[in-house]
Amino acid sequence: MTEGTTTSAAAEGDTLTRLEQEGEIAADYLEGLLDIADLDGDIDMDVEADRAAVSIISDSGGRDLQKLVGRDGEVLEALQELTRLAVNRETGDRSRLMLDIAGFRAKKREELSELGAKAAAEVKSSGEPVKMDPMTPFERKVVHDAVKAAGLRSESEGEEPERFVVVLPA
């Protein structure tokens with residue numbers, strides 16, 4: 001191994017350790033929240049795409065956990081921000097942690113990937129840009145990734161909360 005390779009491997013190890021620590025802090029925070037709300041749920045931690053990923057899952061189908069998702073994921077978004085702040089308070093670093101509750105984000109990611117692929121197919125056949133409806137940052141990221149996988153490019157336009165994705169011809 002060369003010195004550059006060793007340094008790179010060490011940096012990856014440090015990043016993984018830091019993300020695992022973020023996941024642990026987030027899990028502790030969320031377990032406390034579940035206790036306060038008297039809700040049952042298991043915490044699952046992982047590292048995905050250079051960010052900590054924490055999921056709250058339930059053996060009982062997750063009906064109680066739907067309260068933590070809220071309408072269109074609004075409560076989930078707020079809990080994710082609070083969890084990121086809890087991690088920031090402990091580590092002093094900004095967290096990009098992703099929170100999923102009862103599989104809501106996983107299902108949403110699947111739907112948005114399909115939507116992005118359809119928009120890309122439409123642009124390929126028409127040659128015209130396609131403007132999509134306003135989306136959250138998470139939703140836009142999933143669509144951008146789907147468009148990129150289809151071999152096209154996309155951009156975000158507008159101001160929050162009306163920011164949207166435009167899929168562009170190659």
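Sequence positions, counted from 1, serve as the residue numbers for this chain. Being a predicted model, the structure only gives us computed values, none of them experimental.
- When side chains are defined from C-beta on, Phe104 counts as touching Leu76, because their heavy atoms get closer than 4.5 Å.
- Under the side-chain hydrogen bond (donor to acceptor under 3.5 Å, both in side chains) test applied with Ser95, the options Glu90, Glu81, Glu22, Arg84 reduce to a single match, Glu22.
- Residues Asp145 and Val147 form no side-chain contact, since every pair of their non-hydrogen atoms from C-beta on lies 4.5 Å or further apart.
- Between Ile43 and Glu31, the closest side-chain pair of non-hydrogen atoms falls below 4.5 Å.
- Within a 6.0 Å radius of CG in Asp40, no more than 12 heavy atoms belonging to other residues, nucleotides or ligands are found.
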Kindly determine whether Met135 and Leu115 satisfy side-chain contact (heavy atoms from CB on, under 4.5 Å), including the steps that lead there. CA-CA 12 Å; Met135 298 178 188; Leu115 184 66; 4.1 Å; yes
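- Judged by the 6.0 Å distance and 45° axis criteria, Arg105 is positioned over the aromatic ring of Phe138.
- By the neighbour-count criterion of 12 heavy atoms within 6.0 Å, atom NZ of Lys107 is sparsely surrounded, having that number or fewer from other residues, nucleotides or ligands.
- One finds a salt bridge joining Glu139 and Lys108 here, because a Lys/Arg side-chain nitrogen approaches an Asp/Glu carboxylate oxygen to under 4.0 Å.
- Within the 4.5 Å cutoff, the side chain of Leu65 has heavy atoms near those of the Leu34 side chain.
- Taken to the nearest 0.5 Å, the OG atom of Ser154 stands 9.0 Å off from the CE atom of Met132.
- Side chains of Leu79 and Leu33 form a contact here, defined as non-hydrogen atoms less than 4.5 Å apart.
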Going through the checks in order, is the side-chain contact (heavy atoms from CB on, under 4.5 Å) test met by Thr83 and Leu30? CA-CA 7 Å; Thr83 305; Leu30 292 166; 3.4 Å; yes
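- The salt bridge (charged side-chain N to carboxylate O under 4.0 Å, His left out) test with Arg140 singles out one residue from Glu155, Glu162, Glu160, and that residue is Glu160.
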Under the criterion side-chain contact (heavy atoms from CB on, under 4.5 Å), I'd like the reasoning laid out for Glu77 against Thr136: C-alpha separation, chi angles, the key distance, then a yes or no. CA-CA 9 Å; Glu77 289 287 336; Thr136 66; 4.3 Å; yes
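- When the shell of 6.0 Å around CD of Glu20 is examined, it contains more than 12 heavy atoms from other residues, nucleotides or ligands.
- In this structure, the separation between CG on Leu85 and CD on Gln80 is 11.0 Å, given to the nearest 0.5 Å.
- Surrounding CG of Asp38 are at most 12 heavy atoms belonging to other residues, nucleotides or ligands under 6.0 Å away.
- The existence of a salt bridge linking Arg71 and Glu74 is confirmed by a sub-4.0 Å separation between a basic side-chain nitrogen and an acidic carboxylate oxygen.
- With hydrogens and angles disregarded, a donor-acceptor distance shorter than 3.5 Å links the side chain of Lys124 to the backbone of Ala150.
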